[in-house]
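First listed ligand is number 1; within each ligand, the first listed atom is number 1. Computed over heavy atoms, backbone and side chain alike; hydrogens, waters and symmetry mates excluded.
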Amino acid sequence: MLIRRPPDIPSSEITPKRLYLRRRDMIAGLLAAGVLAAGPRTRATAAPLPAAKSPSSTDERQTTRADATSYNNFYEFGVNKDDPAKYANALTVAPWSVKIDGLVDKPATYTLEDVLKSAPLEERVYRLRCVEGWSMVIPWIGFPLAALLKSVGPQSGAKYVAFETLVRPDEMPGQKGFFQPLEWPYVEGLRLDEAMHPLTILAVGMYGETLPNQNGAPLRLVVPWKYGFKSIKSIVRISLTDKQPPTTWNIMAASEYGFFSNVNPEVDHPRWSQASERRIGEGSGIFTKRRPTLMFNGYAEQVAGLYSGLDLRANY
Ligand code: MTE
């Protein structure tokens, strides 16, 4: 067995002391705010989450926090855009744990605190393009999913990563009652290379604070070059698999939503065009300004190589 002594560890793998201290302070702050808790289920209050801005951030004008937290898709709380903001405060998000299983060397149920230890937090300002034709620019706070995956040791047979959201009907009104809009749990998946891509993050905050419940507290995925529905909220399970996992919107309507779901202005949704989008906050009704949708949501330079040789029309 190879034991690496400090001089063998490349400097790129050593967390600078400045960031290490910040992470320790941050975990203490989150504990104080009830975001990380060991006791009975609690409703966390928003806690400040300072993080340095990553160079992969866009400098486009950011959507207001008010818009980003009141116009949401989170069907566990209802199908209307204002349902998540109305009902998600009932969700208790502390303590929180994530089961990581499947083709990994260290399968376990990890606490949120364990998950946060995988990398320092950064601010990433990303465009989010919803398949419905609107978009936002959101300053997320999170860390690369790759860091967490590396820490649990993906095995050589792992080819995909599957994600699952919480099922808790007593706190999620969209999961109980006669009308169930989706099958639960909400599930999503990525190819392993997509999951390991440096743009793919797990977010725990936005706008300098911990995530509001309606945006997927306490832990959600953000994959900026894919339609928003891939960015699964309130994650409780991550599984590495050798087979392409099922995904919620593909289960609901396979002819409308594929596994890849890369933003692509050249491939229309069967019921509407994907060529342009409405940036939330830029006018409404007849005054709505539309802007052209960019290939891979503007991240083509970084991600197009993942799909060389793949027919993006057949693999929508
Ligand atoms: N995750 C879960 N668990 N349930 C959902 O209904 N909606 C998706 C995605 N993640 C959804 C989800 C869709 S359709 C979009 S567009 C984004 O969350 C919206 O994220 P936001 O509300 O933070 O803007």
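- Contact analysis leaves S234 out of contact with ligand 1, as no non-hydrogen atom separation drops below 4.0 angstrom.
- Partners of Y110 according to the ring pair (Phe, Tyr, Trp, His ring centres under 6.0 Å) rule, which considers only residues two or more places apart in sequence or in another chain, do not exist here.
- Of all the heavy atoms of L182, none lies under 4.0 Å from any atom of ligand 1, so neither backbone nor side chain is involved.
- Tested against I100, the residues L148, D114, V161 include a single side chain to side chain contact (heavy atoms under 4.5 Å, CB included) partner, L148.
- Ring planes of H269 and Y257: tilted class, angle from 30 to 60°.
- For an aromatic pair to be called close, the ring centres must be under 6.0 Å apart, and W134 with Y71 satisfies this.
- For ligand 1, the atoms lying closer than 4.0 Å to a non-hydrogen atom of C130 are 16 (S).
- Here is the list of ligand 1 atoms found below 4.0 Å of a heavy atom in T165: 3 (N).
- Annotation: side chain of F229 is not in contact with side chain of T248 (no heavy-atom distance under 4.5 Å).
- Among G228, A203, S231, G174, the residue whose heavy atom sits closest to atom 15 (C) of ligand 1 is G228.
- Side-chain atoms of R191 and F260, non-hydrogen and from C-beta on, do get closer than 4.5 Å to each other.
- For E132, no heavy-atom contact with ligand 1 is shorter than 4.0 Å.
- Of all the atoms in ligand 1, the ones that sit under 4.0 Å from a non-hydrogen atom of L128 are 24 (O).
- By the criterion of a heavy-atom distance under 4.0 Å, both the backbone and the side chain of N72 are placed next to ligand 1.
- Cation-pi geometry between R127 and Y299 is met: the NZ or CZ atom falls under 6.0 Å from the ring centre, inside 45° of the normal.
- Although no hydrogens or angles enter the test, the distance criterion places no donor-acceptor pair under 3.5 Å between the side chain of Q274 and the main chain of P265.
- Nearest to atom 5 (C) of ligand 1 by heavy atom, out of W134, F163, Y186, is Y186.
- Taking any N or O of Y75, backbone or side chain, at least one lies under 3.5 Å from an N or O belonging to ligand 1.
- For atom 1 (N) of ligand 1, the nearest protein heavy atom (residue, atom name, distance) is K233 N, 3.1 Å.
- For a threshold of 3.5 Å applied to N or O pairs, the pair formed by N215 and ligand 1 contains at least one separation below that value.
- With sequence neighbours left out, the ring pair (Phe, Tyr, Trp, His ring centres under 6.0 Å) criterion links W184 to no other residue.
- The shortest contact between atom 7 (N) of ligand 1 and any protein heavy atom is with N73 O, 3.2 Å.
- Atoms of ligand 1 lying under 4.0 Å from any heavy atom of E76, numbered from 1 in the order shown and given with element: 2 (C), 3 (N), 4 (N), 5 (C), 6 (O).
- Between V204 and the choices L30, L121, T210, the side chain to side chain contact (heavy atoms under 4.5 Å, CB included) rule is met once, by L121.
- At least one N or O atom of R220 sits closer than 3.5 Å to an N or O atom of ligand 1.
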